[in-house]
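Written out below as structure tokens is the structure these notes cover.
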2 protein chains.
Amino acid sequence: MGRARKSSTKRATLADVAKVANVSAITVSRVINQPGKVSPELGQRVQEAIDMLGYIPNQSASSLASARSGVIGVSIPSLSNVVFNDVLRGIYDVAGASDYKVLLVDTHYSPLEEEKMVRTLLSQSPEAMIITGGDQTRACERMLAKAGMPVVQIMELLEQPLDMNVGFSHYQAGYDVALKMLATGCNQLGFVGARMDARVQQRMAGFVDALRAKNKLNQEYIVTTPEPSSIALGGELFRSLLSASSGAVDGIFCCNDDLALGALFESQRMNIKIPTEMSLCGFNDFETSAYVNPSLSSVHVPRYEMGVKAAEMIINVLNDKGVADKTLDIGFEVILRQSSRASVPPQ
Amino acid sequence: MGRARKSSTKRATLADVAKVANVSAITVSRVINQPGKVSPELGQRVQEAIDMLGYIPNQSASSLASARSGVIGVSIPSLSNVVFNDVLRGIYDVAGASDYKVLLVDTHYSPLEEEKMVRTLLSQSPEAMIITGGDQTRACERMLAKAGMPVVQIMELLEQPLDMNVGFSHYQAGYDVALKMLATGCNQLGFVGARMDARVQQRMAGFVDALRAKNKLNQEYIVTTPEPSSIALGGELFRSLLSASSGAVDGIFCCNDDLALGALFESQRMNIKIPTEMSLCGFNDFETSAYVNPSLSSVHVPRYEMGVKAAEMIINVLNDKGVADKTLDIGFEVILRQSSRASVPPQ
DNA sequence: TTGTACGCGTTATCAA
DNA sequence: TTGATAACGCGTACAA
């Protein structure tokens, strides 16, 4: 409405700065993007004009003109799941160090929502994408392929990655847990899983296959629910499994530490002795797991490193440095603690 | 290098779609943004062309031309601190429902880094900003003011908000905790704090002032460190405080649940009885706190709601609906559990 | 080292 | 209802 007044009316542009500094717009652009190519005197003058006007570059215009957005798109299935915090931190640390912005979306574990979110991300013209897992819709895969940008799929190892891949074998982890629990004297092993996304299913498959191989599989000891994990749910599922097995189960692999902690706390309330009457193993190795009493066995995953590696792969590709391997197995480690029998193996 | 081939070469544009559908570019734009203003036949034809080409709008061009980016900038001090997860979830839920994208940055609890990050955010031409707390640099405040967009400061109640504000009084929370702990029979209260950002300092100030008012303040029972919080650190600080007070302390307020859980686990290992020999109270009310044995007293904060409200305020302002109050006190609740004496008040 | 001309892909404005 | 034209703010290519 009213007349234009002072500076606060509209955002300053390159042209405004140029006018004040009495140079051309492109020179201002250079001062910002290639300071070495401008003479010190001019650079100084321009910088003063920039400060005076409080000039902030318009990234939309820059992206449009240069086809470089400086954005990395990241898609994760859940903002509440703490597991992704560490991964994100790794991504942000590396991306930020190279002046890349991160655009983050949450798919709520839904491939359809992921497809929509990926479309949203692509409309921002990111230079690369980091997405979770391999459960994309066909349409989503097509979009990604068409976009022709570096893509890293994280969290799990995939048979056929779209492009690059950083993760570990959830199947193998589940398998190893079963063997370790058997080795520590468990005889009637059960499984408790929630949400049951692709990775949890892999963990379960590995666990089940190992038990089957050892002739220790009892399907009634496998309890799952599509509900999201929580400590409260862990307690409930623990009770379910106990009653389903008439108390025969002497060891439980919980698909994550939330459930496992819930089971542990519930067992304490039920006066079930850990680990003598019941062994427990979780997944993800939260800090709590190492400090709770009794401490909780779990599968440690280098999440921060996973984020770092994924981002580094991308930065390298964007800088034309290429990557040694398109797929990186970041590994895992089964850590036995007091919730397992014989947590210290004999010498 | 090689010849252009097929579709995968370059991203389709509005003009490409227009050509295929045999209409003008602006018509395609309308099909996308104002479907009602285009005849059904044309709309159909255009939609087919869009699908055939896999057209995805270029948001940079759209932002530039329309001065609407559809982006909300969000700045938080830490990606690893679980506290912000719930807030973010609230923000993302509301923003997503209104088709806004969220650009998230992490300031690592540094006002200087925040200033840099806010500049980055502003360069993306967001339509509004959500930032944490009130510790901005002068330069940061100036940028924000100049940008002239809705800004919500979250997490704490501020004396002089830049614009809008959603939070609660950390000072009052600390004060209330002290009174409640005294009321449950604690006589020698201590405080354990880490990181010591503005909000933690407020909690401490409230706690200390309450003790002083009751003539119960002993400065030697106040233990702080700039280190980031962790469960491990909670155990260490617990021991520090015990030795600093020669074991006299009979109740501790930890500035967050990480520290409090660490203290609780450590006390178990030291065979100190909770709550008879030692009362414990944390802050933030993690799910773990309600289920650990003994359950941990804490201060519950409606974090998700805080994110929701902040985002709603912004959406309302952007839609010219205005907001009733620029400042919203979201409140808190001190929850006494088994780690406090007399956790159930007498009838 | 500095500047000119043009185009990036979209939308606002106005006209048909 | 549809379209032509001119911005939006910046960087590339080229020229001086």
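Here is how names work: the chains are called A, B, and so on, in the same order as the sequence lines, proteins then strands, and each is numbered from 1.
- Distance from the side chain of A:Ser24 is smallest for C:dT4 among the nucleotides D:dG9, C:dT4, C:dT10.
- Taking side-chain N and O atoms only, B:Thr27 has a distance below 4.0 Å to OP1 or OP2 of D:dG3.
- Here the side chain of A:Ser39 is nearest to one of C:dT2, D:dT1, C:dT11, namely C:dT2.
- A:Leu104 is not listed as a side-chain neighbour of B:Val102, based on a closest heavy-atom distance of 4.5 Å or more.
- B:Ile26 places its CD1 atom 15 Å from the P atom of D:dA6, with the value rounded to the nearest Å.
- Separating the CG atom of B:Asp16 from the C1' atom of C:dC8 is a distance of 13 Å, rounded to the nearest angstrom.
- One interatomic measurement links the two molecules: CD of B:Gln59 to C1' of C:dG9, which rounds to 11 Å at whole-angstrom precision.
- Counting atom types as modelled, B:Arg30 pairs a side-chain N or O with a base atom of D:dG3 as donor and acceptor under 3.5 Å.
- The structure places CG of A:Leu79 at 6.0 Å from OH of B:Tyr92, a figure rounded to the nearest 0.5 Å.
- Atom pair B:Gln34:CD and D:dG3:P shows a separation of 14 Å (rounding to whole Å applied).
- Between B:Gln124 atom CD and D:dG9 atom P there is a gap of 16 Å when expressed in whole angstrom units.
- The nearest whole Å value for the distance from the OH atom in A:Tyr55 to the C1' atom in D:dC10 is 7 Å.
- Of the candidate nucleotides D:dC8, C:dA12, C:dG7, C:dA12 has the atom lying nearest to any side-chain atom of B:Ser66.
- Toward the 5′ end of DNA chain D lies the nearest nucleotide of B:Pro40, the other residue of the pair B:Ala65 and B:Pro40 mapping further downstream.
- Of the possible donor and acceptor atoms, none in the side chain of B:Lys101 sits under 3.5 Å from a partner among the backbone N and O of A:Gln124.
- Atom CG of B:Asn58 is separated from atom C1' of D:dG9 by 14 Å (rounded to the nearest Å).
- Within the nucleic acid shown, A:Arg68 has no heavy atom closer than 4.0 Å to any nucleic acid atom.
- Between C:dT10 and B:Ser29, no contact under 4.0 Å exists linking OP1 or OP2 to a side-chain N or O.
- Distance alone, capped at 3.5 Å, is enough to place a donor-acceptor pair between the B:Gln153 side chain and the B:Gly133 backbone.
- With hydrogens and angles disregarded, no donor-acceptor distance shorter than 3.5 Å links the side chain of B:Ser98 to the backbone of B:Tyr100.
- The distance from atom CG of A:Leu14 to atom P of C:dA5 is 17 Å, rounded to the nearest whole Å.
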